[in-house]
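Working notes for the structure below.
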Amino acid sequence: MLEINDKQYVLNTYARNYVNLIKGENATLFDDKNNDYIDFTSGIGVVSVGHGNKRVADAIYNQVSSITHISNLYAIEPQSLLAKKVVELSGYDMACFFANSGAEANEGAIKIARKYGHEKFDDKKFKVVTLENSFHGRTITTVKASGQSSMHKDSFSPYPDGFSFDASIKDIYDSIDEHTVAVMIELVQGEGGVQPLDKKDVQDLATYLKKNSILLIVDEVQTGAYRTGEFLASNLYDITPDIITMAKGVGGGVPIGIVLTSHKDLLVPGDHGSTFGGNYLSTRASLEVCNILESIKKDGSLDSTIRYFNLNIDSFYENNKKLFTQNVGLGLMKGLRVKDADTLNSIVSNAFEAGVLVLKAGQNTLRFLPPLTITHEEIDLGFKRLEDAVKNI
Ligand SMILES: Cc1ncc(COP(=O)(O)O)c(C=O)c1O
């Protein structure tokens with residue numbers, strides 16, 4: 001029934017598995033036949049504090065029992081508390097705008113950059129440089145900002161002007177011209193293959209951009225909210241971006257997008273907005289998520305989970321060298337390069353049959369984005385099932 005309804009009434013934009021998942025406990029999911037699955041995906045890096053998290057559920061329940069939504073025409077207490085928390089955890093002198101998704105946060109970032117280019121220079125600067133293998137979202141502008149050429153299908157053209165792409169950080173210097181206002185990067189390219197950028201290259205670029213009054217936008221939609229071990233990957237890379245975007249894990253499953261910027265006075269009323277962005281529901285939930293993540297970072301359990309997961313993935317990689325060519329990623333954002341696309345597809349489907357959910361990134365990367373609260377027992381069981389899944393490939 002699920003499959004029939006879905007196929008008839010939902011637009012066909014995803015290649016779906018029709019399992020009916022009805023319950024979750026931390027990194028374990030259950031289907032309607034009571035089969036259990038270890039979740040190494042957390043809903044593509046979203047359910048950072050695990051499924052069925054009681055603290056988040058209570059925070060949401062208490063909030064929506066009172067007020068779910070007013071509008072941004074009134075102050076929203078949990079929004080201001082979340083903004084304070086996110087800014088404090090970031091360590092940067094910034095302020096926030098609230099949206100509902102990663103793409104929408106990136107749209108906001110690009111608008112801030114464009115306004116900066118308009119206000120600060122006699123001859124308007126507007127061009128944004130990104131990387132060829134990048135992914136920044138699915139709206140018409142963020143599709144254009146995403147460097148992967150497969151994203152720029154003719155069917156959706158024409159696209160907005162003012163975007164160009166470079167193969168690597170080192171190539172960016174040559175493509176900057178008098179109209180370039182910003183460079184936008186992911187520090188670990190997620191959809192592009194779980195590929196971390198080189199720290200020194202990023203730091204050199206950040207210094208160069210600052211010197212030349214060009215903004216650095218870091219898309220932390222996937223890397224943010226402790227995914228790489230620090231609150232932001234920018235903290236790990238020891239840089240100070242001008243604009244940072246977050247979504248996914250910072251909401252723990254509730255839709256939210258955040259733009260942080262040090263250019264606090266650039267936008268004025270009427271410049272930007274969002275009906276749902278920053279409402280009572282999403283900000284109360286996200287505040288609880290941030291509190292939970294902050295405490296597992298402080299008490300050392302996040303670092304211990306990262307170490308344990310990495311020990312397991314390292315031995316899985318070593319045990320199965322015939323399938324994999326590289327072990328990549330940072331923190332709990334990990335990938336194993338698979339020798340070919342067919343093998344990758346077999347691993348993902350065998351893993352599902354064995355009771356463990358894993359992801360693909362592109363055509364050749366097996367991707368792992370487990371909840372940050374995953375237990376050692378869940379990690380053990382997940383990798384045991386993965387070993388079984390690949391035994392006959
Ligand atoms: C780095 C990055 N930016 C932006 C997005 C788009 O986020 P959303 O799907 O919430 O719009 C994604 C989603 O995968 C992402 O990984």
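Just follow the structure's listing: the first ligand is 1, and inside any ligand the first atom is 1. From a predicted model like this one, the values you see are computed outputs, not experimental measurements.
V328 is not connected to L332 by any chain of hydrophobic side-chain contacts under 4.5 Å among Ile, Leu, Val, Met, Phe, Trp and Tyr, and they are in different clusters.
Set against the non-hydrogen atoms of D219, the atoms of ligand 1 under 4.0 Å away are 1 (C), 2 (C), 3 (N), 4 (C). Taking a cut-off of under 4.0 Å to the non-hydrogen atoms of N106, the atoms of ligand 1 that pass are 3 (N), 4 (C). Residue S101 approaches ligand 1 through these ligand atoms, each under 4.0 Å from one of its heavy atoms: 10 (O), 11 (O). Every atom of ligand 1 with a heavy atom of E191 under 4.0 Å away is listed here by number and element: 14 (O), 16 (O). Residue contact check: G102 has heavy atoms under 4.0 Å from atoms 7 (O), 8 (P), 10 (O), 11 (O) of ligand 1. Close contacts of ligand 1 with E186, meaning ligand atoms under 4.0 Å from a residue heavy atom, involve 1 (C).
Closer than 4.0 Å to atom 9 (O) of ligand 1 lies none of the heavy atoms of the protein.
A salt bridge does not link E119 with K125: every distance from a Lys NZ or Arg NE/NH1/NH2 to an Asp or Glu carboxylate oxygen is 4.0 Å or more.
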* Stepwise salt bridge (charged side-chain N to carboxylate O under 4.0 Å, His left out) check, E88 with K84 -> CA-CA 6 Å; E88 283 172 1; K84 181 169 185 278; 3.2 Å; yes
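Heavy-atom proximity to atom 5 (C) of ligand 1, evaluated over L369, T139, V221, is greatest for V221.
With ring centers used as reference points, Y116 lies under 6.0 Å from F121. The distance between the ring centers of F316 and F309 does not fall below 6.0 angstrom. Here H69 and Y280 keep their ring centres 6.0 angstrom or further from each other.
Distance from atom 11 (O) of ligand 1 to its nearest protein heavy atom, with residue and atom name: A103 N, 2.8 Å. Nearest non-hydrogen protein atom to atom 16 (O) of ligand 1 is Q222 NE2, 2.7 Å.
The closest approach between K248 and ligand 1 falls below 4.0 Å for a heavy atom of the residue.
For the atom pair CZ (R337) and CG (N364), the distance works out to 6.0 Å, reported to the nearest 0.5 Å.
The aromatic rings of H376 and Y308 lie parallel to each other, their planes meeting at an angle below 30°, with 60° marking the opposite boundary.
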